[in-house]
Structures are given as structure tokens and as C-alpha cells.
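The sequence lines fix the lettering, A, B, ..., with proteins before strands; numbering per chain opens at 1. Heavy atoms only: backbone and side chains are in, while hydrogens, waters and symmetry mates are out. Since the model is a prediction, treat every value here as computed from it, not as a measurement.
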Protein chains: 2
Amino acid sequence: MTPKSAYHHGDLRAQLIAAVRELVETHGPDGFSVAEAARRAGVSSAAPYKHFKDRHEILRGVVSEAMDRLRIAMEDGAAAHPIASLEAIAAVGQAYVDFARTEPGVFRLVFSLTEGHENAPDLLAKGANCFGVVVHAVARRLDLRPDDPDVQRRAYMLWSFVHGHSFLTIDMKHKVASAEIDDWSYLMTISRAILAAA
Amino acid sequence: MTPKSAYHHGDLRAQLIAAVRELVETHGPDGFSVAEAARRAGVSSAAPYKHFKDRHEILRGVVSEAMDRLRIAMEDGAAAHPIASLEAIAAVGQAYVDFARTEPGVFRLVFSLTEGHENAPDLLAKGANCFGVVVHAVARRLDLRPDDPDVQRRAYMLWSFVHGHSFLTIDMKHKVASAEIDDWSYLMTISRAILAAA
DNA sequence: AATACATGTGAGGGTTGTTAACTTTACCGC
DNA sequence: GCGGTAAAGTTAACAACCCTCACATGTATT
């Protein structure tokens with residue numbers, strides 16, 4: 001743990017991930033280089049390859065960690081409201097949007113891993129878990145089982161919606177869509193509409 | 001036009017954009033290099049810089065062209081159905097989703113230009129035009145003016161929705177959300193719900 | 001025909017991703 | 001304590017890439 005020796009400073013993997021997260025956040029998903037990350041961690045540019053096979057694997061590490069945080073935020077959002085309430089559903093969406101607003105770079109990264117990341121079952125699983133939070137909230141609200149097709153359909157609708165809004169909101173920080181949008185009332189409206197739709 | 005001389009082959013700019021589009025589509029938004037594009041166009045690796053300042057500027061060229069095609073597809077979608085019909089609105093969304101499915105790489109690229117592209121007023125304008133198609137369709141349906149705040153709000157909701165669905169659909173080609181989804185009935189349901197919502 | 005300009009080439013500097021061979025440290029059974 | 005093994009660093013090197021420079025070659029203007 002404690003970097004006694006300067007060699008083997010004991011915590012490189014985590015420090016690299018942190019450095020990359022910062023780089024991605026400030027310079028965008030492409031403005032990252034393993035060389036710069038190594039520099040920031042105070043090691044040689046070859047050191048990272050003792051912990052990661054690829055630059056891709058480092059990115060996957062960042063994404064994995066980010067998805068954990070996202071899921072927790074969503075769960076916390078739901079937990080802050082009465083079970084089966086509409087608010088609980090909207091709060092899950094709010095957590096999602098908040099995450100995108102707070103860390104747009106990382107948020108983008110999470111959804112841009114396409115090449116070189118084909119086989120990443122753990123990431124797929126974590127994605128499914130995030131979706132699961134939505135499903136769970138919807139199931140509670142409708143008093144149905146989570147695997148009910150209707151629940152799945154509505155949850156997916158909600159997710160599309162929140163996902164799209166999140167992306168649009170960070171893309172056009174300088175307003176394209178006329179006015180500012182009040183997330184909460186927006187999310188409540190949508191949640192209501194989707195739960196009521198045929 | 002006709003490359004008489006081998007030098008000055010007269011059409012390099014367009015050919016580069018085409019080459020990059022292909023590269024982005026097959027190797028993903030990151031798997032593109034100016035060098036490779038030049039190679040495919042049959043010119044030296046320095047030639048592109050006579051037409052584009054940056055690698056970023058080439059990408060912007062690809063995006064610009066793609067947004068034109070997207071807008072046209074959306075307009076055509078709407079035009080294929082009776083004015084003011086719900087189908088016309090859904091068809092705009094369908095065109096959007098189809099574009100994403102057909103050219104996922106380019107679609108991603110369009111929405112990942114963040115760094116080095118801060119000042120691109122033409123792209124912002126084209127984005128606004130695409131949104132304008134949705135707004136127009138909604139305004140027709142509700143028999144209101146396009147600049148009516150309610151129209152803008154509902155159009156934005158629809159857009160978020162379709163945008164999110166498009167992304168999710170190309171991200172998880174291998175189904176995370178349980179079953180396959182029938183785009184058209186999905187889009188009709190959503191359009192109806194959003195136009196009816198409070 | 002002479003000149004100006006646009007558009008190509010080639011060489012080269014600086015950065016990156018990644019590997020290979022080597023060195024240093026931590027740890028484990030004796 | 002002691003020696004061996006594996007983990008985790010290092011330097012050196014290569015190819016690829018972005019981009020700039022000085023120069024070459026066509027095209028267009030006058």
C-alpha cells in the first residue's frame with residue numbers, strides 16, 4: 001500500500017485509472033494517452049502495460065468503475081423516495097442525468113466503447129444491472145414482476161428517454177432547444193406518460 | 001473532375017471525406033487516420049492538409065455531410081405520410097433510427113465531436129435544422145406555430161426519446177433489453193403518449 | 001509567354017502504442 | 001537470515017501517426 005520504495009509504489013493500477021478518468025474528463029474521450037497517464041502517475045511509459053494489456057483495457061477499467069458509481073447513484077435516487085412512488089422512478093432518471101452533467105467526458109466514454117471492446121462480459125453485465133434498477137422501480141410501481149414483458153417495455157422506454165435527454169443535454173450545453181429545461185418536472189411528466197401509455 | 005494528370009486529381013476533398021466515412025464506419029470513430037485516408041485516396045500523407053487544417057476538420061467534413069443526409073431522410077420520412085398525421089411524426093423518428101442502424105459509426109461520430117470542435121457554427125446550425133424537422137411535424141399535428149413553447153417542449157421530448165433509442169439500439173446489438181423491439185409500433189406509441197401528455 | 005496560385009510530393013520532428021530485455025523489490029519455504 | 005521466484009518497475013527501440021516545411025508541378029490569369 002504505502003509506496004515505501006518508489007519502485008513498486010503499490011497502487012499503480014488504481015492511480016492510472018484515476019489519472020485516465022481525469023484526462024478523459026478534461027480533454028475528452030480521445031484526448032487521453034497512456035503516456036500522459038503514466039506521466040501523471042510518475043512512472044515510465046511502459047509501466048502501465050504491467051497492469052493492462054491495452055490502452056483499451058485501461059479505458060475499460062475506467063468505464064467499469066464509472067458504471068458502478070452510476071448504478072449506486074441510481075439506486076440511491078430511488079431509495080430516497082417512497083417505494084412504488086412515481087417520484088422514485090423519476091429520481092432514478094434524475095441520477096442518470098446528473099451523472100451525465102457532472103462527468104460528461106466519462107459518461108460519453110461509457111457509451112463509446114465499441115472497437116476493441118467486443119468481448120467485455122463484465123461491462124455488459126454492469127450495464128444490465130443499471131437497466132435493472134429502472135426495471136425494478138417500474139415493477140414496484142406497477143405491482144408486477146420485473147420480468148413481466150410490459151414492465152420491461154416501459155422500463156426500456158424510460159431508459160431511452162433519459163439516455164437521450166442526457167446526451168442531448170451535454171451535447172448542446174449552449175442551448176439549441178430554445179429554453180432551459182427543468183429536469184425534474186420533465187422527468188415526472190415523462191414517467192407519468194410512459195406508465196400510462198397503452 | 002476527371003483526374004487527367006495524376007497530380008491535381010481535382011476531387012481530393014470529396015474523396016477524402018468518402019474515405020474517412022468508410023473508415024469510421026468499418027473501424028469505428030477512433031480507428032481512422034489521416035494517413036490511411038490519404039493512402040486510400042492515392043495521395044501522399046501530406047496532401048490532405050492542403051484541404052483541411054486538422055484531422056478534426058476532416059471529421060467535421062464527414063459530419064457535415066452526414067447531417068445533410070440525415071435531415072433529408074427525416075424530411076422524406078415525414079413527406080411520405082399525410083400532413084399532420086401521427087404517422088408523419090413517427091416516420092421522422094423512424095428515419096433517425098434507420099440512419100443510426102445503417103451507419104452506426106458515422107452516427108456515433110456525429111455526436112462525439114466535442115474536443116477541438118468547439119467553434120463549428122455550421123454544424124450547430126445543421127443540428128438545429130434536424131431538430132427543426134421534428135418541430136415542424138409536431139407543429140403541424142398540433143396546429144400551432146413552430147415557435148410555440150409547447151411545441152418545442154414536445155418536440156424535444158420526442159427527440160430525446162428517439163435519440164436515446166437509437167443509441168441504445170446500436171450499443172447493444174446483442175440484446176440487453178430482453179426482446180427485440182418493433183421500431184414502428186414503438187415510435188407510434190411514444191408519439192401518441194407525448195402528444196397527449198400534460 | 002510569364003507569372004501567380006492552387007495543389008501535389010518528400011523529408012523530417014515530435015508524440016504515441018507496444019514489445020523486449022533487463023533490474024529491482026517483495027515474498028515464501030527453509 | 002537465505003536463496004529463488006514472480007511481480008512490478010526501468011530503459012531502449014520500432015513502427016505509425018500528425019503535422020510542418022521547403023520544394024515541385026500543374027492551371028489560370030493577364
Please give, in whole Å, the distance from C:dG17 C1' to B:D30 CG? 14 Å

Grab the two heavy atoms, one from B:A90 and one from B:L187, that are nearest each other, plus how far apart they are. O-CD1, 3.7 Å

Can a side chain N or O of A:H51 be found less than 4.0 Å away from OP1 or OP2 on D:dA7? no

Near-ring test B:H165/B:W159, centroid separation under 6.0 angstrom: no

Atom CG of B:L12 and atom P of D:dT27 are separated, to the nearest Å, by 15 Å

Answer yes when A:D150 and A:R153 have at least one side-chain N-carboxylate O distance shorter than 4.0 Å, and no when they do not. yes

Are A:F161 and A:Y186 an aromatic pair by the rule of ring centers under 6.0 Å? yes

Sorted by position of nearest nucleotide on DNA chain C, 5' first, the leading residue of A:Y49 and B:K50 is B:K50

Specify the separation, in whole Å, of atom NZ of B:K53 and atom P of D:dC19. 8 Å

Nucleotide C:dA6, atom C1' - distance to CG of B:D11 in whole Å: 15 Å

Quick one: A:E36 CD to C:dG14 P, roughly how many Å, whole number? 18 Å

Assess whether a salt bridge exists between A:R21 and A:E25, defined as any Lys/Arg side-chain N lying under 4.0 Å from an Asp/Glu carboxylate O. no

Below 4.0 angstrom, which residues in residues 54-63 of chain A have at least one non-hydrogen atom near DNA chain C? A:D54, A:R55

Tell me which residues in residues 37-47 of chain B put a heavy atom below 4.0 Å from DNA chain C, sorted by number, or none. B:V43, B:S44, B:A46, B:A47

With a 3.5 Å cut-off and sequence neighbours excluded, list the donor-acceptor pairs that the side chains of residues 42-63 of chain B form with protein atoms.
residue, atom, partner, partner atom, Å
B:S44, OG, B:A46, N, 3.4
B:H56, ND1, B:H117, NE2, 3.4
B:R60, NE, B:H117, ND1, 3.1

Value for CD (B:E103) from CG (B:L109), rounded to nearest 0.5 Å, stands at 10.5 Å

Below 6.0 angstrom between ring centroids: does that apply to B:F111 and A:F167? no

